[in-house]
Amino acid sequence: MHNARLTLDPAFRIGTIDRRLFGSFVEHMGRCVYTGIFEPGHPRADDQGFRTDVLDLAGELGVTVVRYPGGNFVSNYRWEDGVGPRESRPTRLDLAWRSIESNQFGLGEYMSWIRRLGAEPMLAVNLGTRGLAEAVDLLEYCNFPGGTEMSDRRIENGDPEPYGVKLWCLGNEMDGPWQMGHQTAHEYGRKAAETARAMRRLDPSVELVACGSSNRQMPTFGSWEAAVLEQTYDQVDYISMHAYYQEHDGDADSFLACAVDMDAFIEDVISTADHVRAVGRHRKRLKISFDEWNVWYASRFGGEASLDWAAAPRLIEDEYSVLDAVVVGTFLISLIGHADRVAIGCQAQLANIIAPIRTEPGGPAWRQTIFHPFAAAARLARGEALRVAHDSPLIDTARYGPVPALTAAASLDPSTGDTALFAVNRDRTGPLSLTVDLRALPGASLRSHEVLADDDQRRTNNQQHPDRVAPRAVAGRVEDGRLTVTLPPASWNVLEISTDAK
Ligand code: AHR
């Protein structure tokens with residue numbers, strides 16, 4: 001068996017983990033909203049049509065913030081269509097996903113739903129087919145107490161209290177030629193800066209996200225961030241990142257290693273933002289909103305042109321394997337490992353569309369394999385992220401070269417002394433023996449070690465077998481301040497360690 005080592009020390013502090021790192025995303029796309037979170041008439045629907053089985057699962061998943069309403073959808077969306085009496089809401093063509101949008105779920109429903117979930121709202125404004133005026137109207141509708149056209153409309157629609165939405169995305173993926181109203185970096189930067197200035201005039205407490213690149217492969221990646229931030233730096237709080245990964249041509253080793261690309265992507269965006277900071281003599285340091293990330297088998301998607309004006313079609317409903325869940329675990333490790341600069345994370349999406357929760361119309365809801373790593377990280381990664389100094393054997397990969405078999409992240413909650421260690425063995429062929437040096441953590445003892453792994457690494461959960469893949473408890477021991485555990489092949493591991501390090 002190969003051996004790996006790491007040291008946990010409260011002095012090796014990366015930064016405080018923002019609870020917003022464990023966010024999700026609900027887009028009007030496919031069946032995320034309709035028959036996902038919202039299905040009037042479903043046996044488990046409440047009086048507002050929200051599926052309570054999905055609400056329960058989303059609560060268990062532990063999502064802290066939910067971005068809405070898109071995604072590509074937002075760039076041709078009129079938010080006014082989704083408010084007011086349902087019977088008078090228009091049915092529209094959604095050009096992003098060539099779908100029919102009934103508008104039976106809109107802003108008011110989203111706000112009620114998110115309150116029921118107990119999570120924070122995060123809204124995106126349409127800077128594609130619309131602009132500053134509509135964004136300010138929407139903000140007035142949401143956050144102004146009353147006595148004005150838009151705020152009174154909210155009150156008439158049954159919500160007397162302002163929503164108090166803090167987090168706002170200034171458009172979505174505006175660098176992408178697929179985006180309705182796609183712009184150059186210069187055009188978008190100017191539009192975003194002016195929109196941000198007006199929104200802050202209305203409500204100085206808002207936190208604003210400028211669009212970064214849609215992915216690291218975009219030909220404009222890097223120059224886009226620089227050009228946008230040159231115009232918006234003082235007006236925004238975050239720059240967005242989006243990344244999706246999949247296994248290519250059966251190359252599972254490279255797939256298991258792909259979080260090294262996510263790490264490099266994050267570090268590139270930090271460097272670019274810091275370059276703009278230096279050149280512009282800015283004081284503040286910008287943070288990242290990684291507001292779309294996941295495993296997505298995008299090569300199976302026929303593209304927007306393959307879609308044919310259906311309402312809530314079955315779209316990119318990827319069924320995830322054990323391997324996919326382990327890779328999702330490596331993404332969570334990457335996010336926690338950059339807690340000093342990544343403040344917001346949204347796994348895309350919450351239900352049905354590349355999602356941890358799957359549903360059947362009129363039928364059950366269940367946890368996909370990727371549900372489990374997210375739920376564990378959202379529950380346990382609290383307090384300070386610790387730098388995990390590790391020593392690991394390497395795996396040769398075709399895409400990324402030699403990559404450590406072990407990747408790990410850790411947190412220490414100073415209020416309780418609770419420490420969580422998240423560790424992945426990327427080696428598909430053999431277990432990894434891991435020794436964790438805990439001597440810097442007084443009174444350390446292992447509370448639990450949970451593993452997600454399977455002899456069949458392609459095993460999935462589905463409607464017939466909803467709990468076939470789930471974490472299981474295994475044993476480990478601490479001796480002389482050193483913890484020794486075995487990480488099975490291709491496994492996600494969660495270790496809870498109690499300490500006196502308060
Ligand atoms: O999450 C699915 C889509 O992926 C989103 O609409 C878009 O922002 C991204 O390209």
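Both ligands and their constituent atoms are indexed starting at 1 by order of listing. Every value quoted in this text rests on a predicted model; they were computed, and no experiment measured them.
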Participant: When you check the gap from the basic side-chain N to the acidic O, do Glu194 and Arg200 get nearer than 4.0 Å?
Facilitator: no

Participant: Trp79 pairs by ring-ring contact (aromatic ring centres under 6.0 Å, His included) with which of Tyr110, Tyr68, Tyr141?
Facilitator: Tyr141

Participant: Can you see which heavy atom on Pro364 is nearest to which on Asp53, and at what distance?
Facilitator: C-OD2, 4.2 Å

Participant: As an exercise, identify every atom of ligand 1 less than 4.0 angstrom from a heavy atom of Phe25.
Facilitator: 1 (O)

Participant: Among all protein heavy atoms, pick the one closest to atom 6 (O) of ligand 1 and tell me residue, atom and distance.
Facilitator: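 I find the closest protein heavy atom is Glu27 OE1, 2.6 Å.
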
Participant: Please determine if Trp296 has a nitrogen or oxygen closer than 3.5 Å to a nitrogen or oxygen of ligand 1.
Facilitator: no

Participant: Less than 3.5 Å between some nitrogen or oxygen of His242 and one of ligand 1, yes or no?
Facilitator: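 His242 vs ligand 1: no N/O contact under 3.5 Å.
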
Participant: Less than 4.0 Å is my threshold; does some heavy atom of Tyr244 fall inside it relative to ligand 1?
Facilitator: yes

Participant: Counting from 1, what ligand 1 atoms have a heavy atom of Glu173 closer than 4.0 Å?
Facilitator: 7 (C), 8 (O), 9 (C), 10 (O)

Participant: Please test Met122 against Cys346 for side chain to side chain contact (heavy atoms under 4.5 Å, CB included), starting from the C-alpha separation and ending with a verdict.
Facilitator: CA-CA 10 Å; Met122 180 180 195; Cys346 301; 4.0 Å; yes

Participant: For atom 7 (C) of ligand 1, what's the nearest protein heavy atom and its distance?
Facilitator: Asn72 OD1, 3.2 Å

Participant: Are the charged groups of Arg31 and Glu39 less than 4.0 angstrom apart, N to O?
Facilitator: no

Participant: Is it true that Ser75 and Asn126 share a donor-acceptor pair across their side chains at a distance under 3.5 Å?
Facilitator: no

Participant: For ligand 1, which part of Ile316 has a heavy atom less than 4.0 Å away: the side chain, the backbone, both, or neither?
Facilitator: neither

Participant: Can you name the one residue among Leu170, Leu132, Val74 that meets side-chain contact (heavy atoms from CB on, under 4.5 Å) with Leu127?
Facilitator: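 Running side-chain contact (heavy atoms from CB on, under 4.5 Å) over Leu170, Leu132, Val74 with Leu127 returns exactly one hit, Leu170.
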
Participant: N/O to N/O below 3.5 Å, does that happen between Glu292 and ligand 1?
Facilitator: yes

Participant: For Arg190, does the CZ atom have more than 12 heavy-atom neighbours from other residues, nucleotides or ligands under 6.0 Å away?
Facilitator: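 At most 12 heavy atoms, drawn from other residues, nucleotides or ligands, come within 6.0 Å of this atom.
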
Participant: Tell me the protein heavy atom at minimum distance from atom 2 (C) of ligand 1, and give that distance in Å.
Facilitator: Gln349 NE2, 3.5 Å

Participant: In ligand 1, which numbered atoms sit nearer than 4.0 Å to a non-hydrogen atom of Trp97?
Facilitator: 3 (C), 6 (O)

